[in-house]
Amino acid sequence: MTIRVMLVDDQELLRTGFRMVLQSQGDIEIAAEAGDGAQALDVLAHTPVDVILMDVRMPRMDGVQATRRICLDGTGAPVPGAPHVLILTTFDLDEYAFAALKAGASGFLLKDVPPTELVAAIRAVHAGDAVVAPTTTRRMIDRFAEVLPTPQTAPGAATLAPLTEREREVFLLVAQGLSNSEIAAKLILSEATVKTHVGRILAKLNLRDRVQAVVLAYEAGLVRAGAGD
C-alpha cells in the first residue's frame, strides 16, 4: 500500500530535501505540498493524504492551528479518518511541538532527523502508532506540565470510568511513559496482551494514540509531573 504524504513547511529548500528522501521509497508518494497551515487546509479539501509532515512556525496559520483543524472536530474529539500529523521542530522539547501533540498530532520529529528515521516514522504513524518514544513522551510532559490545565470539577476517576480494572492499571502505566514491554514485565503479562489492552483503552477513551493518553492523564490529574521517578 502506498503512503500518501504531504509536506507542509514555509522553507522550500527543506521541503525539497524531504521530497528527495521520500521519493526514493517505493511505498511512499508525495501527494501534496504547502507553504503554511492555511494552504495545507485548502489542499486537503481536494487531495487525499495519509500522513502530513507539519512545521510549526509558519506565516498565516501555524502548524498547531492547522493540526487542530485537521485532527479534531468542534468538540475536541478526533476526526475519523483524518491524516496522521508528524510535527517538525528545530529543537527537542519545543513548546510548539507539545501544543501540537495536544492538538491531535501523532508525534514529532526534529528537522535534522536521519533519513532512515524519517521513513520509519512515517510508516509507523501510518500503521497507527505514535512516533514519540515513551521516554521522550514522559520527558516532554514533565517539561511542560505547568501549561496543562488543572482539573476543577471532574475527578480523575471519572476519566477512567469506561475502563476495566486491568485497563486502568495499563492506562496509568502508559501515562507514566512505560513501553509495552515494561508494562508487561510490571504486570506479568505478555506484550501481546498489553498491546491488546492499549488498543481497547484508546478506543474506549476516544484517543488516537498513547501520546494522547499521556496528555489526558495529566489533564485529568491522574499523573503528576515527576511521578514514577
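Counting begins at 1 with the first residue of the sequence.
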Val85, Leu7, Leu109 screened by side-chain contact (heavy atoms from CB on, under 4.5 Å) with Met54, the one that passes: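 It is Val85, the one option of Val85, Leu7, Leu109 that forms the side-chain contact (heavy atoms from CB on, under 4.5 Å) with Met54.
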How far apart are the closest heavy atoms of [X] and [Y], and which atoms are they?
X      : Y      : answer
Ala40  : Val8   : CB-CG2, 3.8 Å
Cys71  : Gly104 : SG-O, 3.5 Å
Gly63  : Thr67  : O-OG1, 2.6 Å
Ser106 : Val125 : CB-CG1, 3.9 Å
Pro59  : Asp36  : O-CB, 3.2 Å
Ile122 : Val51  : O-CG2, 4.0 Å

Find the distance between [atom1] ([X]) and [atom2] ([Y]) and round it off to the nearest 0.5 Å.
X      : Y      : atom1 : atom2 : answer
Asp27  : Thr2   : CG    : OG1   : 7.0 Å
Met58  : Gln65  : CE    : CD    : 9.5 Å
Leu53  : Glu33  : CG    : CD    : 10.5 Å
Phe171 : Leu207 : CZ    : CG    : 7.0 Å
Arg60  : Asp62  : CZ    : CG    : 12.5 Å
Ile3   : His84  : CD1   : NE2   : 10.0 Å

- request: For Glu12, look at atom CD and say whether over 12 heavy atoms of other residues, nucleotides or ligands are found less than 6.0 Å away.
  value: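 At most 12 heavy atoms, drawn from other residues, nucleotides or ligands, come within 6.0 Å of this atom.
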- prompt: Charged N to carboxylate O under 4.0 angstrom, Glu169 versus Arg166?
  reply: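 Yes.
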field: Note: Arg15-Asp10 ion pair, threshold 4.0 Å (strictly below)
entry: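 Here Arg15 does not pair with Asp10 in a salt bridge, since their nearest N and O are not under 4.0 Å apart.
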Contact between [X] and [Y] at the side-chain level, heavy atoms closer than 4.5 Å - yes or no?
X      : Y      : answer
Lys111 : Gln11  : yes
Leu173 : Leu187 : yes
Leu41  : Met61  : yes
Phe108 : Leu88  : no
Asp9   : Leu14  : yes
Leu44  : Ile52  : yes
Leu163 : Ile201 : yes
Thr164 : Lys204 : yes

task: Assess whether side chain to side chain contact (heavy atoms under 4.5 Å, CB included) is satisfied between Ile30 and Leu22, documenting all intermediate values.
output: CA-CA 7 Å; Ile30 304 302; Leu22 298 178; 3.8 Å; yes
task: Mind running side chain to side chain contact (heavy atoms under 4.5 Å, CB included) on Leu189 and Ile183 for me, showing each step along the way?
output: CA-CA 8 Å; Leu189 299 170; Ile183 295 172; 5.7 Å; no
Could I get the full list of side-chain contact (heavy atoms from CB on, under 4.5 Å) partners for [X], not counting sequence neighbours?
X     : result
Arg68 : Val64, Leu72, Ala103
Arg4  : Glu29, Ala31, Pro48, Asp50
Val43 : Met6, Ala32, Gln39, Thr47

field: Donor-acceptor side-chain pairing of Thr193 and Ser190 below 3.5 angstrom
entry: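 Note: Thr193 and Ser190 side chains meet the donor-acceptor criterion.
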query: Where the side chain of Arg168 meets the backbone of Leu160, is there a donor-acceptor pair that is under 3.5 Å apart?
result: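 Checked: pair present.
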